[in-house]
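Below: one structure, written as structure tokens.
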Amino acid sequence: MQVSVKIPTRKEIKPLGVYVPGKPIEEVKREFGLTDIIKLASNENPYGCSELATQAVVREMEKCALYPEGTAPELAAKLSARLGVAPEYFIIGNGSDEIIRLLTRSYIAAGDEAIMADVTFSRYETNVLIEGGVPVTVPLIDGVHDLAGMLKAIGSRTKMIFVCNPNNPTGTIVGRSELLAFIEQVPSHIMLVIDEAYYEYVSDPDYLQTVPLLASHPNLVILRTFSKIYGLAALRAGYGMMHPSIVQELIKVKEPFNSNRMAQAAAIASLDDAAFAADCARRNEAARTKLVSELKQLGLSCYPSHANFLMVKLGRSGDDVFHSLLAQGVVVRAGSLLGYPDTIRVSIGTEQDNQVFIEALRHIVAPGGKPA
Ligand SMILES: Cc1ncc(COP(=O)(O)O)c(C=O)c1O
């Protein structure tokens, strides 16, 4: 007998789509009967994580019967010493995804507006919608946040602004002086969330260091993560830096044990291995430069990326190219899912993975063309 659920969901939840992650390797293997798959779809770290983090996780497993310290004080203290910000300014999340959710949960009420770029990281919009808030989107200009447009979009219901820097999916950054002027102009009753998930990859001197501004701007929130350069995506560890009174509000709505023992131990150990992170940043930059030039040889261009991914402009259906790459065992992100139908987003992999990607792409965009 077919039975149906008669309990209505909240009206805010009904129209929401489900987050579509990069296709898992196991799924592609099954679907295409392939054994060798290269996944360049989720901006993960192709070099894994620090050996110190692996050892810390194994050690911490011995205590897995014990609940973790919910506010991760040791990790907060370590970050505090590293970044020169008082420990009360930190909140540790089950990924920075969770901190985005805690911010909207605590501060967005039905009808409140949140300004964000169109296109940017999709979790801002989803979490605002969950709370009954109204996302106000401001189109990017050449893949870059239109900060002047975002200022103009501020209205009486504006509660929050998201700036993703570098922006996912375009990889672009906003200029130092533009962002500084923007921070100065956002009224202090509006929360300004700057998401720096890819901070450690940026080497451009025109990138604004936002941390020193926390003390003078109590409406400023900075988000970072251990999922990218530290290679701990599976463990879920991210953090936010913000005025301690905001931290206290978020703690009220977070799960008591949101950050698990293994994640905390791995994050702490990762901070002791600066050489690993520096090496990943260096290799990423070299591989990205090479990939951009190889794409150029195929007649393709990208937005200027400062992160560990590239948004490739194809001038044709990104979905078609995505599927053709998939059939060759290369998983990227179809731009249509990210708001750019004629693009794909590709994460920067190892030298070897990038070569497989380029050759697979060459088969599609320049069939019969000579390998370089
Ligand atoms: C811009 C941005 N912010 C936040 C996140 C979430 O990262 P995590 O929850 O793994 O810390 C991501 C993940 O891809 C991202 O691209």
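Starting from 1, each residue takes its place in the sequence as its number.
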Exercise. Quick one: do E44 and K39 make a salt bridge, cutoff under 4.0 Å?
Worked result: yes
Tracing side-chain contacts under 4.5 Å among Ile, Leu, Val, Met, Phe, Trp and Tyr outward from I130 reaches I13, L16, L129
| request: Using a strict 4.0 Å threshold on nitrogen-to-oxygen distance, state whether R283 and D279 make a salt bridge. | output: yes
The single option from F226, F90, Y239 that satisfies side-chain contact (heavy atoms from CB on, under 4.5 Å) with L75 is F226
Tell me whether E69 at atom CD has more than 12 heavy atoms from other residues, nucleotides or ligands lying less than 6.0 Å away. no
Using a 4.5 Å side-chain heavy-atom cut-off and chaining through intermediate ILVMFWY residues, the residues clustered with L52 come out as none
Taken to the nearest 0.5 Å, the spacing of M241 CE from L214 CG works out to 6.5 Å
Rounded to the nearest 0.5 angstrom, the CG-OG distance for L232 and S227 is 7.5 Å
Worksheet item: Any chance CD of Q352 has more than 12 other-residue heavy atoms, nucleotides or ligands included, within less than 6.0 Å?
Response: no
Per salt bridge (Lys or Arg N to Asp or Glu O under 4.0 Å), R105 is matched among E249, E131, E255 by E131
Please evaluate residues I183 and L192 with respect to the criterion side chain to side chain contact (heavy atoms under 4.5 Å, CB included), reporting the C-alpha separation (whole Å), side-chain torsions for both, the decisive distance (0.1 Å), and the verdict.
CA-CA 8 Å; I183 293 170; L192 174 55; 3.8 Å; yes
One should read off an interatomic distance between K313 NZ and Y340 OH, to the nearest 0.5 angstrom, of 9.0 Å
Any carboxylate oxygen within less than 4.0 angstrom of a Lys/Arg side-chain nitrogen, looking at E359 and R362?
yes
Checklist line | Distance-only side-chain donor-acceptor flag, Y124 / D195, under 3.5 Å | finding: yes
In short, N94 meets E98 closest at the heavy-atom pair N-OE1, 2.7 Å
So CG of L325 and CZ of F357: to nearest 0.5 Å the spacing works out to 6.0 Å
Handout entry: Short N-O contact, E351 and K290, less than 4.0 angstrom
Key = yes
* To do: Would you indicate whether the side-chain heavy atoms of Y207 and E196 approach each other to under 4.5 Å?
  => yes
More than 12 non-hydrogen atoms from neighbouring residues, nucleotides or ligands closer than 6.0 Å to OH on Y67, yes or no?
-> no
inquiry  = Surrounding CD of E178 (heavy atoms of other residues, nucleotides or ligands, distance under 6.0 Å), is the total greater than 12?
reply    = yes
